[in-house]
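Heads up, the thing below is written out as structure tokens.
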Amino acid sequence: MKLSKSYEPQAYEPKIYQLWESAKAFSATKGKNAKQHFSIALPPPNANGNLHAGHALTVAIEDVAVRYHRLKGEPTVFLPGADHAGFETWVVFERQLEREGKSRFDYPREKLYNMVWDFVAAHRGNMDVQLRQLGASLDWDNLTFTLDDKVIDTAYQTFQKMWDEGLIYRGKRLVNYCTKHQTGFADIEVLYEDRTTPLYYMKYGPFTLATTRPETKFGDTGVAVHPDDERYKQFIGKELTIEGVNGPFKVKVIADELVDPSFGTGVVKVTPAHSFDDFEMGERHGLPSISVIDLDGKMNNKAGRFAGMTVLEARQAVVEALDKINLLEKIDTHYKNRVGVCYKCGTVIEPLLLDQWFINVKPLAERAVKAIEAGEIEFFPTNKGKVLINYLKNLKDWNISRQTPWGISIPAFQNQKNPAEWIFSDVKNTDEIEVNGKIYTRDKDTFDTWFSSGQWPYITTDYLPNGDLAKFYPLSVMETGSDLLFPWVSRMIMLGLYRTGRAPFKQVYMHGMVLDEHGHKMSKSKGNVLNPQEILSEFGSDATRMGLLANRSAGVNQAYQPATVIAARNFANKIWNIARFIESKLGDEYKNRTPKPLSIADHWALSRINFASKKISELLEAHRYAEAYEILYHTIWDDVADWYVECSKSELNTSVLAYTLQAMLTIAHPFAPFVTETIWQTLKWEDGLLMLGSWPEQIKTDKAKVKEFEDVQALVSEARFISAELGAGKQTLIFTDDVTILEHQEFIKHLAQLKGVKQMKQGSGLRLAAAKHEAWLEISPDELRKHQEKLQERLQNCLNNIRQLEARLANKSYVNNAPESVVSQTKQQLGEQKTIQARLERELETSKA
RNA sequence: GGAUCUGUAGCUCAGUUGGCUAGAGCGCCACAUUCACACUGUGGAGGUCACAGGUUCGAGUCCUGUCAGAUCCACCA
């Protein structure tokens, strides 16, 4: 097959992916090495979105790992998923309803659910197409959608188990509530903004106190001071009647550590129904809770004449009313605080009292901490484990109720006659059930997405029903972005341990964010979002993958660098052209043979492949992807292309050349699957798929010959260096009785770009300072004299090196304490430097003469 | 308030358990040119590893402190 001059990804990538897919190459492999399994589940992207740069990085890392382990012969599977993205999707859907002049309250729950389902189907994103473009070797037959029956079933079973074991409770608790989207959020989902909020000082019985929320005054049931605050000690425990804008009301004075005596006047009003701290204090001191704000964000009838106003309207009106009756003392307009807002619409989050389902996380979190501390899960980078432990130790009970209809409905049913009675039922398609003659209605809420996603590892591997993929649980690695450590990874660990008794994965690898080219976070509002599609179509899949991986380490946010993608594109092209050269040298009738190294170059080339194969293995297993890529890059570009391919032009050994090509394609395959498989398919003597091939074993090489080649390399480098320094066209190399140079003069001439190589009785011209081989460049005495200064400079350098090395060896502590290998290396270096010194000195003699 | 991370070449960043003269890509300078590749080859310049102490035969790497930047968690009445 004739290959075009440069690699054109677009021409091959779709065909190659098709080839893999139709060959069922993505199915879980059986593997030769059946002892060790390797499994990764792709963090499920939004089913109706497109991939962003972070997804591309995820795929790049995970697919490298997966393809590597597959080549290693381990039974391997890479499990795809798609996320219904409950809240995100819901927001988009509701916006459309709004445009049509409708609202969710116009439809029954089930109807609404079906409408969203259709909406999602009609707005399917390209994420599966894009995953294919990225070359992800996903087992598509085992894709899990987050609303699949098996997900719902598992979520229900887990809920029931917790219900039965008393880990689930229903409670009126303060919930972060968005009054626009009319749903509660977990603490972790609330976004905070720094704002300047007026701080109102008002008279409050015998006190003056400062508040940003005068409108919640109608819900006040207490007033709090610090227990040690001498100013107010006399009032503690008393019940006071307070003059208010709607007439007098009663509050109890309590003492609580939570109060900061230095803030404002050191007195704070307590509104348990609308502030998290106040709720806590209310619980501690037995204060009643009075809700004064409704779910729509308006004041309710507890606010008297302010009922029906929005919170902000009421605030204004209450302040004016306070002022009128001289209860307002002053307004501090410079007070800065942080306000929780909805991460979708920016509406201020109201803490509201709602009936919600909670999980008592304490036993789950404790178990997770124990598992992490015991090293059952390894973290990359390691500090993420510490951060997670810190988080788990301070975790509060988990509110799993959401008021978004697009999700898994909670399998709890309420007795219509007795609202306090709830029962569990796993029926799916009805909202009303009859049990023992009583009618129960389904809770209209849905599960927090993380409750079901948190069970992903054992759901996707069908572990609990013991399906075909069950042996792949626990997953080998959970690879995802750092931002998901708390919401997702923590949940998976807790729920995995709870349901299966085992940590759901052995390792956690967290990548940092892909920032824009200037190091800023990408965001839609800034308009700096990078579309991976554009990179893919311009540079190809392999370049995109390698470009994202390069120079990147675990957990660190890093800017997207077009230069690295370009470098990776060039690298793919280099691989392509090495293949073109080698295939042309092998000819059509070449039959696959085991490599038979003959020349020193053959032995050296094989040693480089051996090294790369081993080193890349080690690095990949340690999740050091960027370093593994760097080794690959330099082995192929420097060693194979720049040295061995060049040597092959004068000394050809087809068996080693063919092996080098195949081994090189194999070790490059995890990183650059498309170009390597494309080339592999052109090899006439191979009929399988490269992606199902096997990782190169170590080939025996002759160490002495490898060393001999390295010495020739040093000579060639020296000749090149001096040639460049002389800058006057090509030189002739002279040698006397050096067998190696005699034997390899063809490729020495070629590699060093010499005019010729001559053997003479006696050396003359410019003596080269290579340690192992003695040779001269043939130049006139005149030129040599001009070159004296440079020689002097180099001699000086050499002497400096010698001085340093000698000083090190003269140090007894160094010789005694440093490892033998380090010391002997130093000695060897000293020897080499001395040889060079001698040559340079003699050279200076002659040039002076 | 608590925690974590970062500071290395002009730019973006690698640099595992301390061990050669600190690396890569891009950029820069010089040279080469039909024989796999200009998405090329060869050579080169460029660094007080933020700063100050300490441990060590030896520190970019470990410890303490300082400065600068980022992120997360809690709280903000």
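Every chain is numbered from 1, with letters handed out A, B, ... down the list of sequences. Excluded from the calculations below are hydrogen atoms, water molecules and symmetry mates; all remaining heavy atoms, backbone and side chain alike, are included.
- Going from atom CD of A:Gln731 over to atom P of B:U42 covers 18 Å, rounded to whole Å.
- A distance of about 8 Å separates the C1' atoms of B:A68 and B:A50, rounded to the whole Å.
- At a cut-off of 3.5 angstrom, counting only N and O atoms as typed in the model, there is a donor on one side and an acceptor on the other between the side-chain of A:Lys649 and the base of B:A36.
- Computed from coordinates, the A:Asp639 CG to B:G41 P distance equals 14 Å when rounded to whole Å.
- Between A:Tyr814 and B:G58, no base-stacking contact is recorded for ring centres under 5.5 Å apart and planes less than 30° from parallel.
- For the residue pair A:Asn337/A:Thr197, the side-chain donor-acceptor check at 3.5 Å is satisfied.
- In this structure, NZ of A:Lys393 is placed 14 Å from C1' of B:G2, rounded to the nearest angstrom.
- Taking the C1' atom of each, B:U71 and B:U61 are spaced 24 Å apart, rounded to whole Å.
- Looking at heavy atoms from C-beta onward, A:Thr660 lies in side-chain contact with A:Tyr644 at the 4.5 angstrom threshold.
- B:C39 and B:G27: their P atoms are spaced 12 Å apart (whole Å).
- Contact annotation: side chain of A:Lys5 to base of B:C37, donor-acceptor pair absent below 3.5 Å.
- Among the protein residues, A:Val645 comes within range of the nucleic acid bases, having at least one heavy atom under 4.0 Å from a base atom.
- Atom P of B:A52 sits at a distance of 24 Å from the matching atom of B:A14, rounded to the whole Å.
- Within 4.0 Å of A:Glu621, counting heavy atoms only, lies no atom of the nucleic acid at all.
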**Request:** Evaluate the criterion salt bridge (Lys or Arg N to Asp or Glu O under 4.0 Å) for residue pair A:Glu806 and A:Arg803; output intermediate values, then yes/no.
**Result:** CA-CA 5 Å; A:Glu806 276 177 344; A:Arg803 215 182 33 236; over 6 Å; no
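- Within residues 554-563 of chain A, the residues having any heavy atom closer than 4.0 Å to RNA chain B are, in order of number, A:Val556, A:Gln558, A:Ala559, A:Gln561, A:Ala563.
- Contact annotation: side chain of A:Glu646 to base of B:A36, donor-acceptor pair present below 3.5 Å.
- A gap of 28 Å separates the P atoms of B:U12 and B:U66, to the nearest Å.
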